[in-house]
Amino acid sequence: YYSDVAFLTRLFNDQDLEEEANIIIESIREILLPLPSALNDVESIRLASMRAKFVAAEVNAPHFALCFDKMHPDFNTLFIQYLDAQPDATQSTVLRFILAEHDFAQISAPNIRSARAQVLCDKFLFAAPPNADGAEGASAVQGTTAPVGATSSDGKIVVARDVYNRILAAIEELRATRSTFDAVREPLQAKLVETFDQFLASKAYLNYKQSLQKELCELQSTYGERLVLQKQEAGADASACQGEIHPIVAPSLASMSGAGSASA
């Protein structure tokens with residue numbers, strides 16, 4: 001009964017039950033009193049501060065490097081969805097390649113690194129024919145023409161043949177290093193950064209940003225000075241909470257703390 005809103009609403013508004021209502025109010029107070037307050041509990045404040053920092057990173061001039069941070073899955077997914085919705089599928093493929101190459105660069109064992117490099121080549125890259133002239137050249141791929149740096153008709157990134165051959169040689173000789181794909185990744189990433197800037201001006205991101213600004217305002221309003229957040233991170237002011245707010249899709253406090261670790 002204590003958790004039934006309809007019951008409590010009727011009870012507290014029925015003058016004939018005033019005496020019973022007072023008894024129940026006191027009983028509820030005694031039940032809640034021993035419980036730690038979410039506003040003062042150290043763990044709750046820590047989680048709220050962590051959440052606020054994550055939100056602020058996605059709201060206040062997010063950098064392209066955020067795309068490589070696996071602690072921001074919703075932001076990254078939103079960017080991928082933005083790329084997938086573009087008429088040219090090249091950038092979407094490029095981002096997936098760069099993310100895979102970023103994971104590849106973390107591998108230290110030479111044999112595993114070479115095996116992963118082969119997977120990246122097979123999945124993402126296609127060698128331009130010998131007559132392709134650098135970045136300006138064109139390659140005939142399955143009956144179509146795709147310039148170096150674009151995607152072929154089978155969805156792979158066209159790479160200058162000499163660059164592709166150097167990568168294959170490194171793989172075959174088990175000397176692939178963290179920089180094996182640099183010649184492919186760097187020019188592709190430079191173009192992708194430009195697209196990322198366009199993404200930050202898109203309606204999809206602005207709606208997402210608005211929802212996070214509202215959440216950040218609520219955290220600041222709830223926890224006040226207890227919220228450990230640098231001034232430059234707390235960029236959302238009260239005005240940011242106005243207007244149409246779309247559902248918050250970023251991870252919740254509960255999901256960040258693990259099952260059952262966040263207390264109300």
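When side chains are defined from C-beta on, Phe126 does not count as touching Ile157, because their heavy atoms never get closer than 4.5 Å. Side-chain contact check for Val55 versus Glu215: some heavy-atom pair is nearer than 4.5 Å. In this structure, Tyr82 and Gln198 have side chains that are in contact, with non-hydrogen atoms separated by less than 4.5 Å.
Minimum interatomic distance between Leu188 and Ile98 (heavy atoms only, all atoms of both residues): C-CD1, 4.5 Å. Considering every non-hydrogen atom in both Pro187 and Asp182, the closest pair reads CD-O, 4.2 Å. Residue Cys67 comes nearest to Leu99 through the heavy atom pair O-CD2, 3.4 Å, listed as atom of the first residue, atom of the second, then distance. Residues Ala100 and Phe124 share a closest heavy-atom pair of CB-CE1, 3.9 Å. Minimum interatomic distance between Tyr205 and Glu58 (heavy atoms only, all atoms of both residues): OH-O, 2.6 Å.
A side-chain donor-acceptor contact under 3.5 Å links Ser49 to the backbone of Ile45. Side chain of Ser27 to backbone of Ile23: no donor-acceptor contact under 3.5 angstrom is found. At least one donor-acceptor pair under 3.5 Å links the side chain of Asn76 to the backbone N or O of Asp69.
Linking ILVMFWY residues whenever their side-chain heavy atoms come closer than 4.5 Å, directly or via other members, places Ile80 and Phe68 in the same cluster. When the side chains of ILVMFWY residues are joined at heavy-atom separations under 4.5 Å, either directly or via intervening members, Ile171 and Leu174 end up in two distinct hydrophobic clusters.
With sequence neighbours excluded, the residues forming a side chain to side chain donor-acceptor pair (under 3.5 Å) with Arg96 are Asp84, Ser92, listed by chain and number. Qualifying ring pair (Phe, Tyr, Trp, His ring centres under 6.0 Å) partners for Phe79, counting only residues two or more places apart in sequence or in other chains: Phe196, Phe199. The ring pair (Phe, Tyr, Trp, His ring centres under 6.0 Å) test applied to Tyr164 returns no partner, not counting sequence neighbours. Not counting sequence neighbours, the partners of Thr177 by the side chain to side chain donor-acceptor pair (under 3.5 Å) test are Ser179.
The CG atom of Leu212 sits 9.0 Å away from atom CG of Asp74, with the distance rounded to the nearest 0.5 Å. To the nearest 0.5 Å, the span separating CG on Leu95 from CD on Gln189 amounts to 9.5 Å. With rounding to the nearest 0.5 Å, the separation of CD in Glu186 from CZ in Phe181 is 13.5 Å. Rounding to the nearest 0.5 angstrom, the gap separating the CZ atom in Arg166 from the CZ atom in Arg161 is 13.0 Å. Atom-to-atom distance recorded for Leu66:CG and Met71:CE is 11.5 Å, nearest 0.5 angstrom. A distance of 11.0 Å separates OH in Tyr208 from CD in Gln81, rounded to the nearest 0.5 Å.
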Can you give the donor-acceptor pairs under 3.5 Å from side chains of residues 5-19 to other protein atoms, not counting sequence neighbours?
unit_1	atom_1	unit_2	atom_2	d
Thr9	OG1	Val5	O	2.7
Asn13	ND2	Thr9	O	2.5
Asp14	OD1	Asp16	N	3.0

Just distance, no hydrogens or angles: give the donor-acceptor pairs under 3.5 Å from side chains in residues 101-122, sequence neighbours left out.
unit_1	atom_1	unit_2	atom_2	d
Glu101	OE1	Arg185	NE	3.1
Gln106	NE2	His102	O	2.9
Arg113	NE	Ile107	O	3.2
Arg113	NH1	Ala176	O	2.9
Arg113	NH2	Ile107	O	3.0
Arg113	NH2	Ser108	O	3.1
Ser114	OG	Pro110	O	3.2
Gln118	NE2	Asp122	OD1	3.0

Evaluate the criterion side-chain contact (heavy atoms from CB on, under 4.5 Å) for residue pair Val59 and Lys209; output intermediate values, then yes/no.
-> CA-CA 6 Å; Val59 167; Lys209 176 180 178 179; 4.0 Å; yes

Starting from the C-alpha separation in whole Å, work towards a yes-or-no answer on side-chain contact (heavy atoms from CB on, under 4.5 Å) for Asp197 and Phe64.
-> CA-CA 8 Å; Asp197 292 337; Phe64 179 72; over 6 Å; no

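Partner of Leu83 under the side chain to side chain contact (heavy atoms under 4.5 Å, CB included) criterion, out of Thr195, Thr90, Val94: Thr195 alone.
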